[in-house]
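Note that the structure is a prediction, hence the values are computed from the model and not measured.
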Amino acid sequence: MARRTYTEDFRIAAVKQVTENGYEIADTAHRLGVHPDSLRSWIKRLESPEAIEKNKAVESSSAEIKKLQKELKRVKEERDILKKAAVYFASHTN
């Protein structure tokens with residue numbers, strides 16, 4: 001039988017169902033099609049102090065990226081408005 005591998009995102013989501021939503025380990029494992037012992041080991045590994053710090057750093061980076069993307073969108077819109085204004089005024093000058 002082939003061994004299944006799961007992505008880190010899948011593992012994090014599975015752990016969050018147990019830790020944040022309060023679902024039972026056995027029920028969550030059954031719904032997701034993983035062995036309960038695997039889910040327990042993921043919880044133990046992902047709730048270590050090192051993993052928590054890493055997760056905080058990733059969340060902080062994600063928030064910074066979202067902020068910068070929002071700012072980039074605003075700046076592009078401003079640039080496009082200024083381009084249109086420059087074309088308008090260039091065509092209406094004598």
Side-chain angles (χ1 to χ4, degrees):
M1 182 176 206
R3 185 174 184 164
R4 293 183 65 183
T5 57
Y6 300 97
T7 64
E8 192 66 19
D9 291 336
F10 178 84
R11 292 176 184 177
I12 291 170
V15 168
K16 283 184 179 182
Q17 286 187 16
V18 174
T19 58
E20 293 179 5
N21 298 334
Y23 297 131
E24 295 291 325
I25 292 175
D27 293 337
T28 303
H30 179 69
R31 269 188 294 108
L32 297 175
V34 300
H35 196 274
D37 290 338
S38 295
L39 185 54
R40 281 187 193 90
S41 69
W42 297 346
I43 292 170
K44 185 176 180 180
R45 181 174 55 85
L46 292 173
E47 289 195 335
S48 68
E50 298 85 21
I52 291 171
E53 284 300 316
K54 181 181 175 186
N55 190 26
K56 285 181 183 177
V58 168
E59 288 176 358
S60 174
S61 297
S62 295
E64 180 71 14
I65 289 171
K66 286 181 182 181
K67 177 183 156 232
L68 291 172
Q69 286 174 335
K70 185 177 178 181
E71 184 177 348
L72 178 63
K73 181 182 175 187
R74 182 185 56 80
V75 169
K76 283 183 176 181
E77 289 173 350
E78 290 174 357
R79 178 202 62 197
D80 293 342
I81 290 170
L82 290 173
K83 279 184 181 179
K84 289 177 184 177
V87 169
Y88 174 79
F89 288 119
S91 67
H92 285 76
T93 57
N94 291 330

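- Val18 and Glu24 get closest at one heavy-atom pair: CG2-O, 4.5 Å.
- Of the inter-residue distances, the one linking Glu78 atom CD with Lys76 atom NZ reads 13.0 Å to the nearest 0.5 angstrom.
- Contact annotation: the side chain of Glu47 approaches that of Thr19 to within less than 4.5 Å [non-hydrogen atoms, C-beta and beyond].
- At a threshold of 4.5 Å between non-hydrogen side-chain atoms, the residues Lys16 and Ile12 count as touching.
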Donor-acceptor contacts under 3.5 Å from residues 32-39 side chains, at least two apart:
unit_1 : atom_1 : unit_2 : atom_2 : d
His35  : ND1    : Asp37  : N      : 3.0
Asp37  : OD1    : Arg40  : NH1    : 3.1

Please lay out, stage by stage, how Ile43 and Ile25 fare under the test side chain to side chain contact (heavy atoms under 4.5 Å, CB included).
CA-CA 10 Å; Ile43 292 170; Ile25 292 175; 4.0 Å; yes
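- In this structure, Ile81 shares a hydrophobic cluster with no other residue, the cluster being traced through Ile, Leu, Val, Met, Phe, Trp and Tyr side chains under 4.5 angstrom apart.
- One finds the CZ atom of Arg79 at 11.0 Å from the NZ atom of Lys84 (value rounded to the nearest 0.5 Å).
- Separating the NZ atom in Lys70 from the CD1 atom in Ile65 is a distance of 16.0 Å, to the nearest 0.5 Å.
- Atom CD of Gln17 is separated from atom CZ of Arg31 by 5.0 Å, given to the nearest 0.5 angstrom.
- For the pair Glu8/Leu46, a side-chain contact is recorded, criterion being any heavy-atom separation below 4.5 Å from C-beta on.
- Partners of Leu68 under the side-chain contact (heavy atoms from CB on, under 4.5 Å) rule, at least two apart in sequence or in another chain, are Glu64, Glu71.
- Put simply, the side chain of His92 gets close to the backbone of Tyr88: a donor and an acceptor are under 3.5 Å apart.
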